[in-house]
Asker: 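I'd like to ask some things about the structure below.
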Amino acid sequence: MGENLEQEVREMLSKLTGLEPNEIGDEADLFKDLGIDSLKVIEIATQIERQYQVVVKDSQLKNLRTVKEAVALLGELLEKKNHSCPNYD
């Protein structure tokens, strides 16, 4: 997973939690450690969908617990998006 993607997710979470990006570790629990509730999860999903032009399913959100899992999910979504787009080189 790219460092840039990890940093972007941390910055996104930082805006919602008030924590500095460097205070948000990979294994931080989104709910217990960062204080994110179900409404903020929806905000995160909406922001990811807008920023990266991907679709986040509700079923995918239910399984997210850590920052590392959020970064991995975003990476998977971007990978699927890149493979589904035709290459016009």
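Numbers here simply count residues along the sequence, with the first being 1.
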Asker: Side chains of residues 51-62: which donor-acceptor partners sit under 3.5 Å, not counting sequence neighbours?
Answerer:
from  : atom 1 : to    : atom 2 : distance (Å)
Tyr52 : OH     : Glu8  : OE1    : 2.1
Gln53 : NE2    : Arg50 : O      : 2.8
Gln60 : OE1    : Lys57 : N      : 2.8

Asker: Check each of Lys80, Glu79, Lys81 against His83 using the side chain to side chain donor-acceptor pair (under 3.5 Å) test, and report the only one that passes.
Answerer: Glu79
Asker: Pair up each side-chain donor or acceptor in residues 21-35 with any protein partner under 3.5 Å, not counting sequence neighbours, and list the distances.
Answerer:
from  : atom 1 : to    : atom 2 : distance (Å)
Glu23 : OE1    : Glu20 : N      : 2.7
Asp26 : OD1    : Arg10 : NH2    : 2.3
Asp29 : OD1    : Phe31 : N      : 2.8
Asp29 : OD1    : Lys32 : N      : 2.7
Asp33 : OD2    : Asp29 : N      : 2.7

Asker: Out of curiosity, Leu13 CG to Glu11 CD, how far, rounded to the nearest 0.5 Å?
Answerer: 10.5 Å
Asker: Side-chain polar contacts of residues 40-47 - donor-acceptor pairs under 3.5 angstrom, sequence neighbours left out - could you list them?
Answerer:
from  : atom 1 : to    : atom 2 : distance (Å)
Lys40 : NZ     : Leu16 : O      : 3.3
Thr46 : OG1    : Ile42 : O      : 2.9

